[in-house]
Amino acid sequence: QVQLVESGGGLVQAGGSLRLSCAASGRILSSYIMGWFRQAPGKERQFVAAMNWGGGGTGYADSVKGRFTISRDNAKNTVYLQMNSLKPEDTAVYYCAVRRSGTYDYWGQGTQVTVSS
């Protein structure tokens with residue numbers, strides 16, 4: 001069983017920055033993938049970024065490459081999403097999730113990010 005708790009969302013002006021945190025409780029194996037997703041009103045949930053917990057390999061959606069950075073603190077069982085140069089279209093509820101094998105099967109409750117123009 002893995003529980004995920006996101007924090008760090010808020011209201012920011014366009015061009016600003018936020019850092020989201022996702023604290024995981026339970027056993028996180030090195031083979032797990034930690035991911036960030038977002039869902040804007042009226043839209044489907046979309047992939048943002050992911051990281052292999054053990055090796056640290058990362059992947060990003062094209063829309064956030066060069067602006068967002070995913071990182072982790074193994075000692076704290078926490079994954080972060082540093083978001084820079086934020087745009088109004090980044091406004092969404094951001095979720096972290098864990099993929100143990102084929103699918104993301106544990107999700108956090110989400111944190112709201114609002115970017116004003």
Side-chain angles (χ1 to χ4, degrees):
Q1 187 86 9
V2 176
Q3 292 184 323
L4 304 171
V5 179
E6 302 99 333
S7 61
L11 173 65
V12 64
Q13 288 188 329
S17 298
L18 282 174
R19 188 177 80 157
L20 306 183
S21 300
C22 174
S25 62
R27 191 179 182 194
I28 305 296
L29 301 182
S30 61
S31 60
Y32 290 179
I33 304 295
M34 306 295 291
W36 284 99
F37 293 77
R38 66 187 181 186
Q39 187 166 20
K43 295 187 177 181
E44 293 187 352
R45 187 174 295 182
Q46 63 175 193
F47 169 78
V48 175
M51 166 176 274
N52 174 267
W53 187 256
T58 60
Y60 296 91
D62 287 343
S63 58
V64 306
K65 278 181 183 176
R67 300 188 298 123
F68 291 12
T69 303
I70 188 171
S71 63
R72 75 197 191 285
D73 185 329
N74 295 62
K76 295 182 178 180
N77 256 19
T78 299
V79 63
Y80 304 97
L81 186 67
Q82 178 67 44
M83 306 186 294
N84 298 328
S85 302
L86 283 161
K87 305 174 182 180
E89 51 264 43
D90 294 317
T91 294
V93 178
Y94 283 71
Y95 300 88
C96 69
V98 172
R99 190 176 85 189
R100 296 184 296 166
S101 56
T103 60
Y104 285 90
D105 48 1
Y106 287 105
W107 293 82
Q109 83 289 349
T111 185
Q112 177 71 47
V113 171
T114 303
V115 184
S116 63
S117 56

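The nearest pair of heavy atoms linking Leu18 to Gly8 is CD2-O, 3.9 Å. Here the closest non-hydrogen pair linking Lys43 and Gln39 is O-NE2, 3.1 Å. Nearest heavy-atom pair across Ala92 and Ala40 is CB-N, 3.8 Å. Residues Val5 and Gln109 come closest through the heavy atom pair CA-OE1, 3.8 Å. Closest approach of Tyr94 to Leu20, counting heavy atoms only: CB-CD1, 3.5 Å.
In this structure the side chain of Val113 reaches within 4.5 angstrom of the side chain of Met83, judged on heavy atoms. Considering only heavy atoms from C-beta on, Ile33 stays 4.5 Å or farther from Val98 through its side chain.
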CA sep, side-chain torsions, deciding dist, call: Lys87, Ser63, side chain to side chain contact (heavy atoms under 4.5 Å, CB included) | CA-CA 11 Å; Lys87 305 174 182 180; Ser63 58; over 6 Å; no

Tell me, with the steps shown, if Val115 and Gln13 meet side chain to side chain contact (heavy atoms under 4.5 Å, CB included).
-> CA-CA 5 Å; Val115 184; Gln13 288 188 329; over 6 Å; no

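In terms of hydrophobic clustering, with Ile, Leu, Val, Met, Phe, Trp and Tyr side chains grouped at heavy-atom distances under 4.5 Å, Tyr95 and Tyr106 are assigned to different clusters. Hydrophobic clustering of Ile, Leu, Val, Met, Phe, Trp and Tyr side chains at less than 4.5 Å, counting indirect connections, keeps Phe47 apart from Ile70. In this structure, Trp107 is not a member of the same hydrophobic cluster as Met34, with clusters built from ILVMFWY side-chain heavy atoms closer than 4.5 Å.
Listed by first then second residue, pairs satisfying side chain to side chain donor-acceptor pair (under 3.5 Å) with a partner in residues 24-37 number zero, not counting sequence neighbours. A ring pair (Phe, Tyr, Trp, His ring centres under 6.0 Å) check over residues 53-93, counting only residues at least two apart or in different chains, returns nothing.
Under the 3.5 Å distance criterion, with hydrogens and angles disregarded, a donor-acceptor pair is assigned to the side chains of Ser17 and Asn84.
Panel note: side chain Thr111, backbone Gly9; a donor-acceptor pair is recorded below 3.5 Å. A distance-only check finds a donor-acceptor pair linking the side chain of Arg67 to the backbone of Ser85 [under 3.5 Å]. Panel note: side chain Glu6, backbone Gly110; a donor-acceptor pair is recorded below 3.5 Å.
Residue-environment remark: CD (Gln46) exceeds the threshold of 12 foreign heavy atoms within 6.0 Å.
In summary, of the residues considered (Thr91, Val64, Val93, Leu81), a side chain to side chain contact (heavy atoms under 4.5 Å, CB included) with Arg38 occurs for Val64 alone.
Residues satisfying the salt bridge (charged side-chain N to carboxylate O under 4.0 Å, His left out) criterion with Lys65, sequence neighbours excluded, are Asp62.
To the nearest 0.5 Å, atoms CD (Gln82) and CZ (Arg19) are separated by 7.0 Å.
Note that Arg45 lies outside the cation-pi zone of Phe37, set by a 6.0 Å cut-off to the ring centre and a 45° limit from the axis.
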